[in-house]
Chemist: 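Quick one: structure below, then a few questions.
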Amino acid sequence: MLILGAGLVPIILGMLFTAVEARHSLRNQQTVTANALITQTETLSDSAMQITRTLRDFKGQTCLSLERPLQRLASRYPYFRALGVLNGAHVSCSSAYGHDPGELNVMIQHALPQSTGNWGISIAGTAAVPERPAIAFVWMNPGDFGVYAIVEGQYLLDFMRAVSEARHYQLKISFNGGYTFVTGQAQHAPLLPIDPVIWHAASARYPFDVTVITPASEALRTWRDIFLIFLPMIAILSLLFMVITANWIKRRVTWRDRIKKAMQRDEFSVAYQPVCQVSSGCCSGVEALMRWQRRDGEWERPDIFIAAAEEENMIIPLTRHLLSLLARDVESWPVTPGFHLALNVAAEHLQHADFVPDIERFARQVAHKQFQITLELTERSLIKEGEAVAKKLAWLRQCGIKVAIDDFGTGNCSLSYLQTFELDYLKIDRGFINPIESIEGETPVLDAIISLSHKLALNILGEGVETEMQYRYLSQRGVGFIQGWYYARPMPSDALRTWLTTDGARPLQHPTP
Ligand SMILES: Nc1nc2c(ncn2[C@@H]2O[C@H](COP(=O)(O)O[C@H]3[C@@H](O)[C@H](n4cnc5c(=O)[nH]c(N)nc54)O[C@@H]3COP(=O)(O)O)[C@@H](O)[C@H]2O)c(=O)[nH]1
């Protein structure tokens, strides 16, 4: 399902992208078409305006003397159906009808606009040719001399038809709100959720406007053509997404499966790193650290498999497994009551309803050893349900369990943890201890952490102490507990048992200079 979903992402994005691209391309084509139609109509209008200017020179002449020049002019320009002169709204002479053919509104079969001077209007037909549209261009003065030219609409219609057929558009043009010339069809596609694409444009020079309508079927065809161009790329991306997702799932499954199998095969063990109490110089306890040795003898790195377990929701089963290993290991340890046993708990486990029962069960299992159990909270994964977790920890503290904040200062929430949770120990991350170069040297951040811990009355443990100088620096500043290779490395349970009776039983001896 997830792999399929990943494969669909580029296809859906590709469809959206090509739909936008198709709309853009349709708009461009429509603009070009509208401009061509406007130019053609303006050219016709220019000719008509030119001829009406010529006709004005006939003012004062009788129809008898005008009839032949009018006919000559009309036959010279094939665009014109009729030319004539007016007396007010009355046609006093016409190239088509001779003298006294009637009223202009009857001839153009359209009411005359209120305006005088130059005007033009598209009409469905004239009295003599009612079935063919035309455009009437008129120059008139009320009760006075005027002229008109009727432009044959067929030329415009033929041009529009040619464009409509070539591009499958519906085209409309209307002059001054008059008759609308229409060519082509704007079929709707009832089964498609697509509307026809409509574009309006108007001439800047004459009072006419043009509408270009791309039918839904044509819009779909344009989109399909563009989609087909991008299809190879979309298919490659889709495949890539599926492969990446499949790999990711495989990796996920692999870590989950591997951790599960490793638990069944008993490949996990626990290493214990002793902690030195500065005041006595003796071992006050240990931190339990998970180890994984594969069947082939290779060791998995704890930072990697712990992070994987946290990511793959395996940290709770793994911690439960750790608790069972701990319960088995501690049986043989020669320890006195109050010996510290620290273990790491992940945020997911803390937030889980079984967290308190899990820890209580473990505490009961090892109760006869009278350990001082300490839970170490790390900032590696953020504890989200702060209040609820704080309540659980408060309850466990009442039961005698201690709480430590681990890797202090490495995450974003160290200070908020200090405020949210009741704590007993603060473990200073080795990142702050590494820079110690001399006893007198300045390590301002480390000093600030130590001073903060004192103010909060927290026990302080320095992690990753590798040198005597680091040990002395920390002990001189009141750090009560030291953990690190300088004192002891993490070791298996059997080795710890021996160590506790030898090195662990006597105070730390610093090498003499
Ligand atoms: N939730 C759980 N987290 C666990 C568990 N076991 C381990 N971890 C976490 O994994 C991280 C890596 O741990 P690890 O490789 O075991 O490293 C620990 C020590 O070996 C190392 N260390 C100790 N002293 C020194 C030193 O002097 N120098 C040096 N270079 N390294 C040293 O530090 C790690 C101690 O980690 P911390 O817990 O912060 O005290 C690590 O984050 C573990 O927390 C588990 O069971 N559950």
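Atom set for the values below is all heavy atoms of this structure, side chains included, hydrogens, waters and symmetry mates excluded. As the structure lists them, so they are numbered: ligands from 1, and atoms in each ligand from 1.
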Chemist: If we only count N/O pairs under 3.5 Å, is P302 in contact with ligand 1?
Modeler: no
Chemist: Within ligand 1, which atoms have a heavy atom of Q273 less than 4.0 Å away?
Modeler: 23 (C), 24 (N)
Chemist: D303 versus ligand 1: do any nitrogen or oxygen atoms come within less than 3.5 Å of each other?
Modeler: no
Chemist: For ligand 1, is K427 a contact, meaning one of its heavy atoms is under 4.0 Å away?
Modeler: yes
Chemist: Which atoms of ligand 1 have any heavy atom of V465 under 4.0 Å away?
Modeler: 27 (O)
Chemist: Say whether, by atom type as modelled, one donor and one acceptor occur between the side chain of D424 and the main chain of K402 under 3.5 angstrom.
Modeler: no
Chemist: Should the pair R477 and Y473 be classed as cation-pi, given the thresholds of under 6.0 Å to the six-membered ring centre and 45° from the axis?
Modeler: yes
Chemist: Does the pair E312/R256 count as a salt bridge with the N-to-O cut at 4.0 Å?
Modeler: no
Chemist: Relative to ligand 1, is E287 under 4.0 angstrom through side chain, backbone, both or neither, heavy atoms considered?
Modeler: side chain
Chemist: Quick one: which of I306, I433, L377 has a heavy atom closest to atom 5 (C) of ligand 1?
Modeler: I306
Chemist: Does an N or O anywhere in Q483 fall below 3.5 Å from an N or O of ligand 1?
Modeler: no
Chemist: Is D407 salt-bridged to K427, going by a charged N under 4.0 Å from an acidic O?
Modeler: no
Chemist: Check contact between T319 and ligand 1, using heavy atoms of the residue and a distance below 4.0 angstrom.
Modeler: no
Chemist: Measuring from atom 1 (N) of ligand 1, which candidate in N344, L325, V275 has the nearest non-hydrogen atom?
Modeler: N344
Chemist: Does T378 come within less than 4.0 angstrom of ligand 1, counting non-hydrogen atoms of the residue?
Modeler: no
Chemist: Would you say R301 touches ligand 1, if touching means a heavy atom closer than 4.0 Å?
Modeler: no
Chemist: If the threshold is 4.0 Å, N to carboxylate O, is there a salt bridge linking R497 and D329?
Modeler: no
Chemist: Could you list the atoms of ligand 1 found under 4.0 angstrom from a heavy atom of P490?
Modeler: 20 (O)
Chemist: For the pair E468 and R472, find out whether any cationic side-chain nitrogen is under 4.0 Å from an anionic carboxylate oxygen.
Modeler: yes
Chemist: Going through the checks in order, is the side chain to side chain donor-acceptor pair (under 3.5 Å) test met by E466 and N434?
Modeler: CA-CA 8 Å; E466 292 181 353; N434 272 342; over 6 Å; no
Chemist: Under 4.0 Å from any heavy atom of G484, which atoms of ligand 1 are there?
Modeler: 24 (N), 27 (O)
Chemist: Testing the basics here: between L474 and G462, what is the closest heavy-atom pair and its distance to 0.1 Å?
Modeler: CD1-CA, 4.3 Å
Chemist: Could you tell me, atom by atom, which parts of ligand 1 come under 4.0 Å of a heavy atom of R291?
Modeler: 14 (P), 16 (O), 20 (O)
Chemist: In a table with atom names and distances, give each donor-acceptor pair under 3.5 Å that connects a side chain of residues 260-268 to protein atoms at least two apart or in another chain.
Modeler:
residue: R265; atom: NH1; partner: E267; partner atom: OE2; Å: 3.4
residue: E267; atom: OE1; partner: W292; partner atom: NE1; Å: 2.8

Chemist: If the condition is ring-ring contact (aromatic ring centres under 6.0 Å, His included), which residues does W255 pass it with, not counting sequence neighbours?
Modeler: none
Chemist: Which is closest to atom 25 (C) of ligand 1 by heavy-atom distance: W485, W292, Y487, W299?
Modeler: W485
Chemist: Ignoring angles and geometry beyond distance, decide whether E310 reaches within less than 3.5 Å of ligand 1 through its nitrogen or oxygen atoms.
Modeler: no
Chemist: Using 30° and 60° as the class limits, which term best fits the ring planes of F175 and Y206: parallel, tilted or perpendicular?
Modeler: tilted
Chemist: Counting from 1, what ligand 1 atoms have a heavy atom of D407 closer than 4.0 Å?
Modeler: 39 (O)
Chemist: Could you list which atoms of ligand 1 come closer than 4.0 Å to a heavy atom of E466?
Modeler: 26 (C), 27 (O), 28 (N), 29 (C), 30 (N)
Chemist: Hey, mind stepping through T211 and H200 against side chain to side chain donor-acceptor pair (under 3.5 Å) and telling me if it holds?
Modeler: CA-CA 5 Å; T211 306; H200 296 287; 3.1 Å; yes
Chemist: Between K172 and D209, is the closest basic N to carboxylate O distance under 4.0 Å?
Modeler: no
Chemist: Counting from 1, what ligand 1 atoms have a heavy atom of L322 closer than 4.0 Å?
Modeler: 46 (O)
Chemist: Should Y486 be counted as touching ligand 1, given the test is an N or O pair under 3.5 Å?
Modeler: no
